Amino acid sequence: MPHELPKAYDPTAIEDHWAEYWVKENLFAQPTPDQNHGLNGQTSFTVLLPPPNVTGRLHMGHMLNQTEIDILVRWQRMSGRRALWVPGTDHAGIATQMMVERQVESEGSSRRQLGRDAFVERVWDWKRHYGGAILGQMKRLGVSVDWSREYFTMDEHLSVAVREAFVRLYEQGLIYRGAYIVNWCPRCQTAISDLEVVYDEHKGHLWEIRYPVIGDDGKDTGEFLTVATTRPETMLGDTAVAIHPEDERYTHLHGKKLRLPLMNREIPIILDEWVSREFGTGAVKVTPAHDPNDFALGQRHNLPSINVMDETAHINAEGGAYAGLDRYVARKEIVAHLEEQGLLAGIRDHVHNVGHCDRCKTVVEPRLSTQWFVKIQPLAHKAIAAVKEGHIRFTPEMYQKTYLNWMENIYDWCISRQLWWGHRIPAWHCGTCHKITVARVDPAKCEHCGSEQITQETDVLDTWFSSGLLPVSIFGWPNITAENRMDFDAFYPTSLLVTGFDILFFWVARMIMLSCWFSTDIPMPDGSPRSLADSVPYREVYIHALVRDANREKMSKTKGNVIDPIEIVKQYGTDAVRFTLASMASPGTDIAFNVARTEGYRAFANKIWNAARFIFMQDQLAENAWNFGIYDYLDDEDFDNGPQWGISNESPFEDRWIVSRLHAVTKEVDRALSDYRFDEAASAIYQFFWGEFCDWYLELIKIRLNFSPDKTQQASVLNALRTCFGVYEAALRLLSP
RNA sequence: GGGCGGUUAGCUCAGCUGGUUAGAGCGCCUGCCUUACAAGCAGGAAGUCGGGGGUUCGAGUCCCUCACUGCCCACCA
């Protein structure tokens, strides 16, 4: 029975063993509750893993996220709740398509050369091959998810949910299609949402261009109106110039027309109070097809829109002599030609924000194009109420403000993407009457004219449209049957969402809007209608920090400062890394990951190992212990319900002390975890185990061992050992075993 | 242009609703291979809590202000 343990803790072998065992036994599965017994009196604790992209490799952010969730899930499970943690992966539209495009290109082919069907098949291949990378890594790390419930956002039943959601919103008049200014990525050749545009400060120029004024006789008067622009190439699509109605410099030009240089087109001067008199020259060239402000102006003043660029941001046929040129080449030539013609009034240095595609960093081109949108106000309205009425609580609290502020100023959501990878929009265009048929199942003919000349919309949906539905779709919505009904009742609303603030709007906000909107049609278990309070996707949101490098720099491949969690884990062990993250996870600040801390916690793991070693090494006592039944005690099922101390008023002081300390620490850890204070929980455990249990209690035990050799004292010593085991075991439980 | 954080030991960070000599890890110094652990043990040095002002019997903790720093949001060409 005495154990020969190595002197130093080697995590690898032990972790490999247990990780494999946990997965094999699917130890953390939470099957659909029994039809008759429901949850059997237990309450549930449900968490969704923020689904990693299929393109990803596990990074420190995942590791932090999973460590926190795992701690909470295990803690709740130990507290007797039905803890369910659902894993899955996200198809990640653009990101994945880009990845596979690159692969295809490296083979000398291209996406278009392959064609849609073949390309999509390639992406599926790719997904099958690499898509499980992160989940595989998670398995090795031993996260306590229910692997039997693993999903992929393009699984059949989840795609059904996406389609249902789209059709319903359409039927409710909340999805519309139209030509509006969208953010267009010329590299990805798709529209992207406002959130997918990141702005960088750019030292550019403000070009001042003279537009000739035309007299009543149709000839140039010799006067000019000078406009200022940061994007001269867009002038090819100008359909007006706007000035402020009360700008006295230009009063005499009211009602006049201008000759658009290079294009020789007559354009009106319009008056609009939106124009700032202070900025630039006080005269704004108006390009409704290439600027959101100008688009709005165009709507107000009934101006035509001339789209002068194609989907690759090359000038199209509307650009006359410049057709075929890249936007920046065109800019250069246009500026040069203006200068030749004496129409360039000046060039100023100008610092302004330029939008880039979040994915590929290409400069975004605002561009008029026909897209699908969600009329978001009604959904936002509910999502605001859900939070304001306290049905969803944010931690840290300040994110509630951030959330509400965004939600209250929300714009319609552009959900269509000109991609091939994703959920294809369930809409069909009629070749005969040109109307649209939106349907749950592929229609055979146009619902308006009955024509069979229909073709499906080529666009796919924004990735976040499907992930926003996950809280309801993974539990069976919209097809709630007698079977999965129990699941929905038991686990929806989920208890908690743990995620980073970087997807607060992308995902958290969308989930709240979509889930609140769609879950209402599923009545409560007792048949009563579902209130807003029970429609929410989760009751709590815990937002954690970003993990940065030791110098507080964002980790990025280009900077080469990425700390690969798997490497660190290999070196120090999973527990050491997890303990580091937990201990550094204090609210409000980013985590500057410091390997020195991990070294310290590897030492802690070693300390725990050696405490066990000490206890097991008491050979002679262990033998006696066997006789005295201490191992029976350890085998006792009661032990599974927590150690029984056998502490009484007569017990030695140190026994009573350590047990009382254990209880206090347990309480402290409970408190800390219920406040999401992983750092405080970690610190309490660390201090207790090392500073009290090892430094004091085990030392006192040594003294007892040395000074109580006779039989009469044996019981006391054994009781001490029993307490050792007990505290040790309990401490391990605290560490979320 | 709005909004939100941060600024505490050499480094990375705690310090909850204001209350005894301001804490931890790593690092540093001194002494120890004491039969669980040198990834250890015993002990030690180290901070005018960003600057200034205020409230209070009492402030790292509340208020004002300044400075520096980071982040989010925003259609000024």
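Letters A, B, ... mirror the listed sequences (proteins, then strands); counts begin at 1. Bear in mind the structure is a predicted one, so any value in this text is a computation, not a measurement.
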- Task: Scan Tyr601(A), Tyr572(A), Trp609(A) and name whichever one has a ring-ring contact (aromatic ring centres under 6.0 Å, His included) with Tyr9(A).
- Result: Trp609(A)
- Any N or O donor-acceptor pair linking the side chain of Lys7(A) to the base of rA36(B) at under 3.5 Å? no
Show each protein N/O and nucleotides 69-74 of chain B N/O combination with a separation under 3.5 Å, one pair to a line.
residue: rA74(B); atom: N6; partner: Asn353(A); partner atom: ND2; Å: 2.9

- Any salt bridge (charged side-chain N to carboxylate O under 4.0 Å, His left out) pairs touching residues 239-250 of chain A, not counting sequence neighbours? Asp247(A)-Arg249(A)
- Query: Under the salt bridge (charged side-chain N to carboxylate O under 4.0 Å, His left out) rule, what pairs show up with a residue in residues 392-404 of chain A, not counting sequence neighbours?
  - Reply: Arg393(A)-Glu540(A)
- Task: Have a look at Tyr542(A) and tell me which of Thr395(A), Leu72(A), Asp675(A) forms a side-chain contact (heavy atoms from CB on, under 4.5 Å) with it.
- Result: Thr395(A)
- Query: Nearest-Å distance, CZ (Phe689(A)) to C1' (rC37(B))?
  - Reply: 11 Å
- Message: Rounding to an integer number of angstrom, what distance separates rU8(B) and rC4(B) when you compare their P atoms?
- Response: 22 Å
- Task: Give the rounded distance in Å between these two atoms: CD of Gln400(A) and C1' of rG5(B).
- Result: 17 Å
- Query: Can you name the ring-ring contact (aromatic ring centres under 6.0 Å, His included) partners of Trp406(A), sequence neighbours left out?
  - Reply: Phe505(A)
- Does Glu668(A) pair with Arg677(A) as a salt bridge, N-O distance under 4.0 Å? no
- Message: Checking Asn65(A) now: which residues fulfil side-chain hydrogen bond (donor to acceptor under 3.5 Å, both in side chains) with it, not counting sequence neighbours?
- Response: none
- Would you call the rings of Phe604(A) and Trp690(A) parallel, tilted or perpendicular, where under 30° means parallel and over 60° means perpendicular? parallel
- Query: Which pairs pass salt bridge (charged side-chain N to carboxylate O under 4.0 Å, His left out) with one or both residues in residues 276-285 of chain A, sequence neighbours excluded?
  - Reply: Asp238(A)-Lys285(A)
- Note on the structure: To the nearest angstrom, the CH2-P distance between Trp274(A) and rA77(B) comes to 8 Å
- Query: How close or far is atom P of rG3(B) from atom CG of Leu504(A), stated in whole angstroms?
  - Reply: 19 Å
- What residues form a ring-ring contact (aromatic ring centres under 6.0 Å, His included) with Tyr211(A), not counting sequence neighbours? none
- Could you list the residues that satisfy ring-ring contact (aromatic ring centres under 6.0 Å, His included) with His244(A), not counting sequence neighbours? none
- Main-chain N/O of Thr574(A) paired to Glu15(A) side chain as donor or acceptor, under 3.5 Å: yes
- Note on the structure: To the nearest angstrom, the CD-P distance between Glu408(A) and rG3(B) comes to 15 Å
Polar atom pairs between nucleotides 23-27 of chain B and protein, under 3.5 Å, N or O only, would you list them?
none

- Task: Only stems of 3 or more consecutive Watson-Crick or G-U pairs count here, both distances under 3.5 Å; name the ones for RNA chain B, or none.
- Result: B:1-7 with B:67-73, B:10-13 with B:23-26, B:28-32 with B:40-44, B:50-54 with B:62-66
- Examine the base of rA36(B) for any acceptor or donor lying under 3.5 Å from a partner atom in the side chain of Glu699(A), and report the outcome as yes or no. yes
- For Phe394(A), check ring-ring contact (aromatic ring centres under 6.0 Å, His included) against everything at least two apart and list the hits. Tyr403(A)
- Query: If you measure from the C1' atom in rC16(B) to the same atom in rU35(B), how many Å do you get, rounded?
  - Reply: 44 Å
Produce the list of close N/O pairs, under 3.5 Å, pairing protein atoms with atoms of nucleotides 14-21 of chain B; give distances to one decimal.
residue: rA14(B); atom: OP1; partner: Ser586(A); partner atom: OG; Å: 2.9
residue: rA14(B); atom: OP1; partner: Thr589(A); partner atom: OG1; Å: 3.0
residue: rA14(B); atom: O5'; partner: Ser586(A); partner atom: OG; Å: 3.2
residue: rA14(B); atom: O3'; partner: Arg677(A); partner atom: NH2; Å: 3.3
residue: rG15(B); atom: OP1; partner: Arg677(A); partner atom: NH1; Å: 2.9
residue: rG15(B); atom: OP1; partner: Arg677(A); partner atom: NH2; Å: 3.0

- Item | Value in whole Å for how far the P atom of rA77(B) lies from CG of Asp291(A) | 9 Å
- Any salt bridge between Lys332(A) and Glu233(A), counting N to O under 4.0 Å? no
